[in-house]
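What follows is one structure encoded as structure tokens, with my remarks underneath.
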Amino acid sequence: MADPIHQFEIKKIIPIEINNIDLSFTNSSLFMMLTVLFISIFLISSIKKKKIIPTRLQSVSEIFYEFIANMINDNIGNKGQKFFPLIFTLFTFILFGNLLGLLPYSFTFTSHIIVTFVMAMFIFLFVTLIGIMMHGFKFFGLFVPKGVPMAMLPLMVPIEIISYLSRPVSLSIRLFANMMAGHTMLKVFAGFIFSLGLFGIAPLIVDVALTAFEVLVAFLQAYVFTVLTCLYLNDAINLH
Amino acid sequence: MPQLEITTFPSQIFWLVISFFILYIILSRIIIPKISYVIKTRESEIKNNIHISEQLFRDTEIINEELEKVKKDTETEARQIITSLKEKTDKKINQNFELLKTKLEKKLERDEKDIILKKKKALKEINKISFNLSKEILKKVTDNKKIKKNNLKSIINKNLKEINNGNL
């Protein structure tokens with residue numbers, strides 16, 4: 001039986017080394033680039049004709065656009081619209097990375113903790129920076145919850161700080177774990193199909209169902225990642 | 001677990017940053033402006049159409065009002081024409097009536113005169129006839145006695161006058 005973890009292995013395609021640091025173009029890099037290419041081609045070709053009455057493809061890209069615009073409006077408000085390109089990029093990148101990773105023989109770069117962690121860390125630092133830039137020292141009032149008695153503050157403030165600092169960790173682990181678990185599960189059931197012979201039909205059916213479920217998870221996790229980003233941005237922009 | 005192989009981290013981070021940056025540039029510079037342009041033009045088009053339809057609605061209302069006005073005007077005009085025609089015809093009828101009346105009256109007058117004339121004539125003749133008749137009767141009754149013509153005439157005239165005065 002094939003190792004279900006085997007699919008996550010990083011394989012070098014073009015070895016590159018700069019200053020003794022390995023920056024090789026790997027299968028992970030390839031799928032990141034493919035995701036970028038796919039999103040660009042899909043969105044550009046769909047919006048090319050700029051029709052007032054949209055074609056089906058154009059409606060799809062408009063739905064993406066309005067989905068993110070509404071998400072920002074609901075969670076941040078009007079002030080958040082300037083972050084629209086970032087949120088939109090984040091959402092499409094994760095979504096199409098997840099979806100492309102569902103294709104057989106492909107690679108899911110979001111199933112690597114380092115990728116999700118870098119993204120989460122970037123968001124964390126970005127949000128913190130935005131908060132400090134907009135509110136200065138007042139931004140740290142975020143760690144002092146409202147309506148809490150003074151006596152409780154020595155306890156509450158450290159908890160708030162810890163929960164704030166754990167945001168990138170939870171954000172990255174949620175996405176990474178979901179993607180890895182889903183793909184591992186698919187692989188495990190796929191391994192049963194041949195080893196069980198005729199009875200392999202049962203794990204096959206499970207695998208088909210799981211694939212559908214994984215499509216949902218792929219979308220859901222991209223959504224959760226972006227919604228949480230919006231919420232964090234909201235905390236930084238509109239201090240409570 | 002391949003996720004924990006630290007040696008692959010630099011490469012993944014490097015390519016993630018590059019691809020994410022490229023995607024960000026493409027989306028923010030090319031795709032998002034296009035989509036937002038399309039959505040904005042659609043919105044303005046819809047607003048424009050709503051505006052135009054409102055304008056048209058107002059125009060039709062104005063036209064309707066004018067139509068009502070014209071309707072009322074024509075109605076009153078028609079009524080005026082009818083009343084004026086009525087008056088005219090009434091006048092004409094009256095005129096004709098008067099004309100006819102005067103004509104008839106004239107005729108009546110003339111006829112009356114005629115009748116009076118004929119009556120006088122007849123009376124004269126009655127005079128003559130009664131004179132002759134009485135003369136004949138006297139001749140037969142008196143047997144050729146001389147009759148004074150003038151006496152007889154005056155008697156008859158006297159009688160006739162009496163008759164005329166008494167009966168007419």
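First the proteins, then the strands, lettered A, B, ... as listed; each starts at 1.
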Top contributor to chain B interface from [options] [non-hydrogen pairs under 4.5 Å]:
options               : result
A/T89, A/I10, A/L90   : A/T89
A/M119, A/M33, A/Q58  : A/M33
A/I113, A/T35, A/V115 : A/V115

Under 4.5 Å from any heavy atom of chain B, what part of [X] do you find: side chain, backbone, both or neither?
X      : value
A/K12  : neither
A/S61  : both
A/F176 : side chain
A/L86  : both

For A/S111 and A/H183, test the side chains for any donor-to-acceptor distance below 3.5 angstrom and give the result as yes or no.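 There is no such pair between these side chains.
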Parallel, tilted or perpendicular: which describes the rings of A/F189 and A/F192, with under 30° parallel and over 60° perpendicular?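 Ring orientation, 0 to 90° scale: perpendicular.
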Do the ring planes of A/H112 and A/F8 sit parallel (below 30°), tilted (30 to 60°) or perpendicular (above 60°)?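 Perpendicular, since the angle between the ring planes exceeds 60°.
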Interchain contact, [X] with chain A, by part (heavy-atom threshold 4.5 Å):
X     : answer
B/I35 : both
B/L27 : side chain
B/I39 : side chain
B/Y37 : side chain
B/T8  : side chain

Using a 4.5 angstrom heavy-atom cutoff, name the option from B/K34, B/E5, B/Q3 with the most pairs to chain A.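 Going by pairs under 4.5 Å, I would pick B/Q3.
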Who wins among B/V38, B/I31, B/L23 for the most heavy-atom pairs under 4.5 Å with chain A?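 Looking at each of B/V38, B/I31, B/L23 in turn, B/L23 comes out on top.
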Minimal non-hydrogen separation, [X] against [Y], with atom names:
X     : Y     : result
B/P10 : A/I21 : CB-CG2, 3.5 Å
A/S40 : B/I26 : OG-CD1, 3.4 Å
A/S24 : B/W15 : O-NE1, 3.1 Å

Any carboxylate oxygen within less than 4.0 angstrom of a Lys/Arg side-chain nitrogen, looking at B/K121 and B/D114?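 Looking at B/D114 together with B/K121, the answer is no, because their closest N to O distance does not fall below 4.0 Å.
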Aromatic ring proximity, centroids under 6.0 angstrom, A/F109 and A/F93: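 Here the rings of A/F109 and A/F93 have centres that are less than 6.0 Å from each other.
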Taking A/N75 for its side chain and A/M71 for its backbone only, find out whether a donor-acceptor pair lies under 3.5 Å.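 Side chain of A/N75 to backbone of A/M71: a pair is present.
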